[in-house]
*Asks:* 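I'd like to ask some things about the structure below.
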Amino acid sequence: MPLIRDVLAGKHEGQPVQLHGWVYRHRTSGGIVFCTLRDSSGVIQCTVKKGVVPDADFEQAKEANNEASVIITGTPAKDPRAPGGWEVKSSAFQLVGKSPDFPIQENQSTELLLDKRHLWLRSRKLTNMMRVKAVMLRGFRAWFDENGFWETTPSVITTNACEGGSTLFTFDYFGQKAFLSQSAQMYLEALIFSLDKVWCLTPSFRAEKSRTTKHLTEFGHLEAEEAWVDYQGNMDIQEQLVAHVAQKVARECEAELVELGREPADLRKVTTPFPRITYDEALERLRKKGFDMKHGDDFGQPHERALMEGAEKPMFVTLWPEEIKAFYMALDGSGKYVRCADLLAPEGYGEIIGGSERSQDVESMKRRLMREPDTDLAAYEWYFDLRKYGSVPHSGFGLGTERVLAWLTKAEHIRDATPFPRSINRAYP
RNA sequence: GCCGCGAUAGCUCAGUCGGUGGAGCGUGGGACUGUUAAUCCCAAGGCCCGCGGUUCGAAUCCGCGUCGCGGCGCCA
């Protein structure tokens, strides 16, 4: 089946083609119908003239409103009057599926576009986003394949309330209380003992009542776990992975990126190594920029934005105070910091990866867990078993695929990085 | 959880001082053989988010509620 992209490239000049697609714009002017046709590859203007096509075809062309599905037979020709410079002179027109009153028109509110998300997915913008996302995911998988990682499939149903129970979706599992997973990390940790280096892409769920442009309640969580790797080696892996994907997207999605407002040259600058600074250094930089901060303060959006001002590639912030990080992160020699790293994206897109070397000290993990009220240590028995039987130094990280895509495509809102975004007020369509 | 803003035709919005609700787009009908989400003519289309209050009279003022959007926090 010929694609519009190829017709626009002149590959079918003068040769009759049959195009399958949807009406992008529909205009009539007396005995001529202008039908702009869209398929997955592009948009081209087709003209349908009375007397040139059979009368029945002309009637169908008049009836084919925006977003009707059609099959057009015609001959492509250069024509300066047509948008895009090419036009298909139709010899036959078949209306396959009518589209009366397509609800999305010239003026749309955010709310309508979210209510009609199943139809808005046809838009140029979301089409481009989905194409870039597919290439990005292909890039992640290719990098892991080429670097000795095994893809695995952990469960998203869990009885472990791993990081703060208030952010978990709870449901009834045959009479038992269970949760939708927030992270596959602990399951991946179990898998490294047989596979060394593993990764997975699973949905993660956060019941946080967040109202921001960088949070979803369900997101694509790309996680990896590596035996015999410390937190420095962990960062080496992350920067190679992210740089590989940025380069691939810049190379293979040039047209989509430009339409989305991202200069491919921006992504070509994303090369290894990425800058690495410690929490203490970050704190110092923030103070110089006028933030009033004390040791142990976490960073919010304004801080992340200030730290990344003018940055062309992502930056790691390492060695955070242990009291503001999770129980499973390995303590450094002093016991006051943890061997972790957050990877911040440029341009205020925020934290795209959180990773760390994992603690092997069961007693200190238990101590830190008990700081949280209502912790059920028994639920972690299986996790502590991993330290009991042949424990190894290991590290891992979690990457938010929609956050990375939002950054790569310069999106205004993370919800456009996924076809059916789930947010605090929305699970439909 | 906190702070803002909003809800009027299918859609996007205007609606003055509280006095019988409008426009553009879309839709239906008509004209047009080169349009660029075209142009011209005609027509249909309303529980002014809900409940209460003030008032002779409320889309308009007040209170409560519901829903939505934006920002902060939390995080990936």
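Please read these numbers as outputs of a predicted model, since none were measured by experiment. Here is the naming used below: chain letters follow the sequence lines, and residue numbers restart at 1 for every chain.
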*Asks:* Counting only side-chain nitrogens and oxygens, does A:Gln301 get under 4.0 Å of the OP1 or OP2 atom of B:rG73?
*Replies:*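 A:Gln301 to B:rG73 OP1/OP2: side-chain N or O found under 4.0 Å.
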*Asks:* So does A:Arg27 get a side-chain nitrogen or oxygen closer than 4.0 Å to the phosphate oxygens (OP1/OP2) of B:rU39?
*Replies:*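 No, outside the criterion.
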*Asks:* What residues from residues 111-141 of chain A pass a heavy-atom cutoff of under 4.0 Å to RNA chain B?
*Replies:*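 A:Glu111, A:Leu112, A:Leu114 - these, ordered by number, are the residues of the stretch whose heavy atoms sit under 4.0 Å from the strand.
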*Asks:* If the cut-off is 4.0 Å, is A:Lys209 near the phosphate of B:rG1, judged by side-chain N/O to OP1 or OP2?
*Replies:*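 So the side-chain polar atoms of A:Lys209 do come within 4.0 Å of the phosphate oxygens OP1 or OP2 of B:rG1, strictly under.
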*Asks:* Counting only side-chain N and O atoms of A:Asn425, is one of them less than 4.0 Å from OP1 or OP2 of B:rC69?
*Replies:*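 For B:rC69, OP1 or OP2 has a side-chain N or O of A:Asn425 closer than 4.0 Å.
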*Asks:* Taking 4.0 angstrom as the limit, do A:Arg276 and A:Glu239 come out as a salt bridge?
*Replies:*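 Answer for the salt bridge query: yes.
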*Asks:* Only stems of 3 or more consecutive Watson-Crick or G-U pairs count here, both distances under 3.5 Å; name the ones for RNA chain B, or none.
*Replies:*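 B:1-7 with B:66-72, B:10-13 with B:22-25, B:27-31 with B:39-43, B:49-53 with B:61-65 - these are the stems of 3 or more pairs that involve RNA chain B.
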*Asks:* Side-chain N or O of A:His413 less than 4.0 angstrom from OP1 or OP2 on B:rG70?
*Replies:*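 Yes, such a contact exists.
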*Asks:* Between A:Glu351 and A:Arg403, is there a salt bridge with N-O shorter than 4.0 Å?
*Replies:*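 No, no charged N to carboxylate O under 4.0 Å.
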*Asks:* Please pick, from B:rC25, B:rG70, B:rU33, the nucleotide with the shortest atom-to-atom distance to any side-chain atom of A:Ile32.
*Replies:*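 Nearest listed nucleotide: B:rU33.
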*Asks:* Short of 4.0 Å, heavy atom to strand atom, which residues of residues 71-94 of chain A count as contacting RNA chain B?
*Replies:*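 A:Asp79, A:Arg81, A:Ala82, A:Pro83, A:Glu87, A:Lys89 - these, ordered by number, are the residues of the stretch whose heavy atoms sit under 4.0 Å from the strand.
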*Asks:* Are any of the side-chain nitrogens in A:Glu347 or A:Arg305 under 4.0 Å away from the carboxylate oxygens of its partner?
*Replies:*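 Salt bridge flag = no for A:Arg305 with A:Glu347.
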*Asks:* Could you tell me how far apart A:Gln105 (CD) and B:rC25 (C1') are, to the nearest whole angstrom?
*Replies:*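 Going from A:Gln105 (CD) to B:rC25 (C1'), I get 7 Å.
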*Asks:* Under 4.0 Å: is that the gap between some side-chain N or O of A:Arg206 and OP1 or OP2 of B:rC75?
*Replies:*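 So the side chain of A:Arg206 is outside the cut-off, no N or O lying under 4.0 Å from OP1 or OP2 of B:rC75.
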*Asks:* Find the distance A:Lys214:NZ to B:rC74:C1' and express it as a whole number of Å.
*Replies:*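 Checked: the NZ to C1' distance equals 12 Å.
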